[in-house]
Amino acid sequence: MTAVLIDGKEIARKKRVEIADEVKELNERNIIPGLAVILVGDNQASKTYVNNKQKASKEVGMHSSLITLSDSVTEQELLEKIEELNLDSSIHGILVQLPLPAHIDEIKVIETISPEKDVDGFHPVNIGRLMTGQDAFFPCTPYGIMVMLKETGIDPEGKNVVIVGRSNIVGKPSGQLFLNENATVTYCHSKTKDLKAHTRAADILVAAVGRADLITADHIKEGAVIIDVGMNRNNSGKLCGDVSFDEVKDKAGYITPVPGGVGPMTIAMLLLNTLKSAKKALHTVPSK
Ligand code: GUN
């Protein structure tokens with residue numbers, strides 16, 4: 001192994017300690033940051049993610065409210081629940097776990113969340129603010145990637161950054177965050193011709209596709225920074241990313257593991273966004 005391992009688990013732990021300290025300070029001023037998590041249906045992976053988010057928010061001293069709705073909930077009922085939470089002054093962050101059942105319009109749901117409580121950073125207002133370089137809630141995974149790099153002493157300015165994957169949750173906002181940091185950004189996706197030609201030029205490569213072993217040693221430049229967002233199971237059922245870790249680690253300069261890389265950072269950034277929202281409550285006069 002020649003690459004330096006970027007220990008997301010440890011960086012996230014450090015961030016959570018800082019967040020817990022700030023939560024304590026807010027508590028002294030009678031503010032308890034509140035996160036509401038809505039889970040619809042019983043998708044097993046979603047349940048695990050939601051449990052992890054809830055556990056982490058409680059550990060830093062936040063108030064965490066879990067709303068579980070059955071698969072058969074109507075879109076209208078879900079929208080009404082969100083509107084109720086928008087008005088609830090004890091709730092500073094609202095998160096609706098995706099994916100939603102097919103009969104519910106995801107876009108409508110996201111657009112119903114108040115942009116000021118959208119701690120996932122999925123609302124078009126927050127995406128627009130991100131694109132125009134304004135203060136915003138940044139989507140948690142891209143935000144986590146950026147914080148991880150900064151903590152490792154890697155400055156994206158002037159670097160060739162290649163993002164593989166163009167999802168609304170990871171790929172697209174990651175590219176925008178890197179652009180805001182003055183990187184030169186290339187997006188690759190399923191229709192890209194000659195993927196390797198692009199990825200081999202990357203100083204920083206972000207793999208966010210969801211396909212095990214998509215990125216091999218042959219895809220990367222010697223010494224590159226490799227960020228693996230993938231969360232897959234290989235043939236033997238083992239958790240793995242989009243990068244062939246065992247071969248890439250001998251050629252890369254830095255690499256994130258799966259698990260223990262980007263995943264823990266995503267949750268830490270959700271807490272950071274919730275804290276940020278709660279801090280705004282300090283300066284807001286409550287309405288009657
Ligand atoms: N489903 C997969 N990732 C996420 C996420 O970051 N937020 C929400 N709300 N749903 C998801």
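Computed from heavy atoms alone, side chains included, the values below leave out hydrogens, waters and symmetry copies.
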Any donor-acceptor pair under 3.5 Å linking the side chain of Asn27 with the backbone of Ile31? yes

Heavy atoms only: give me the nearest Thr186-His198 pair and the separation to one decimal. CG2-ND1, 4.0 Å

Is a salt bridge present between Lys81 and Glu84, judged by a nitrogen-to-oxygen distance below 4.0 Å? yes

Distance col, row Lys117:NZ vs Lys280:NZ, nearest 0.5 angstrom, shows 12.5 Å

More than 12 heavy atoms of other residues, nucleotides or ligands under 6.0 Å from CG of Leu66: yes or no? yes

Before you tell me yes or no, could you show the steps for Glu116 and Ser114 under side chain to side chain donor-acceptor pair (under 3.5 Å), namely the whole-Å CA-CA distance, both residues' side-chain angles and the distance that decides it to 0.1 Å? CA-CA 5 Å; Glu116 310 315 320; Ser114 160; 5.5 Å; no

Side chain to side chain contact (heavy atoms under 4.5 Å, CB included) for Tyr143 and Leu272? Distances and angles first, verdict last. CA-CA 10 Å; Tyr143 191 14; Leu272 197 56; 3.5 Å; yes

N/O donor-acceptor pair under 3.5 Å between Thr192 side chain and Leu195 backbone: no

Between Asp228 (side chain only) and Asp242 (backbone N and O only), is there a donor and an acceptor less than 3.5 Å apart? yes

Salt bridge between Arg200 and Asp218, side-chain N to carboxylate O under 4.0 Å? yes

Would you say the side chains of Lys53 and Gln97 form a donor-acceptor pair under 3.5 Å? yes

Working to the nearest 0.5 Å, report the span between CD1 of Ile204 and CD1 of Ile226. 10.0 Å

Below 4.0 angstrom, N of the basic side chain to O of the carboxylate: do Lys221 and Asp203 qualify? yes

Check whether Asp118 reaches the backbone of Ile113 with its side chain - one donor and one acceptor, N or O, closer than 3.5 Å. no

Is a side-chain donor-acceptor pair under 3.5 Å present for Lys172 with Asn168? yes

Within the distance-only criterion (no hydrogens, no angle test), does the side chain of Thr152 pair as donor or acceptor with the backbone N or O of Met148 below 3.5 angstrom? yes

NZ of Lys276: more than 12 outside heavy atoms within 6.0 angstrom? yes

Pair Glu59 + Arg13, salt bridge at N-O below 4.0 Å: no

Under 3.5 Å: donor-acceptor pair, side chain of Lys14, backbone of Glu151: no

Shortest non-hydrogen contact from Ile255 to Ala3? CG2-CB, 3.9 Å

Got a sec, which residues hit salt bridge (charged side-chain N to carboxylate O under 4.0 Å, His left out) with Glu247, two or more places apart in sequence or on another chain? none

How about Ser236 and Asn234: does a side-chain donor come under 3.5 Å of a side-chain acceptor? yes

Please examine the side chains of Cys140 and Ile267, heavy atoms only from C-beta on, and report whether any two atoms are closer than 4.5 Å. no

When you check the side-chain N and O atoms of Thr74 and Glu77, is any donor under 3.5 Å from an acceptor? yes

Is a side-chain donor-acceptor pair under 3.5 Å present for Asp213 with Ser244? yes

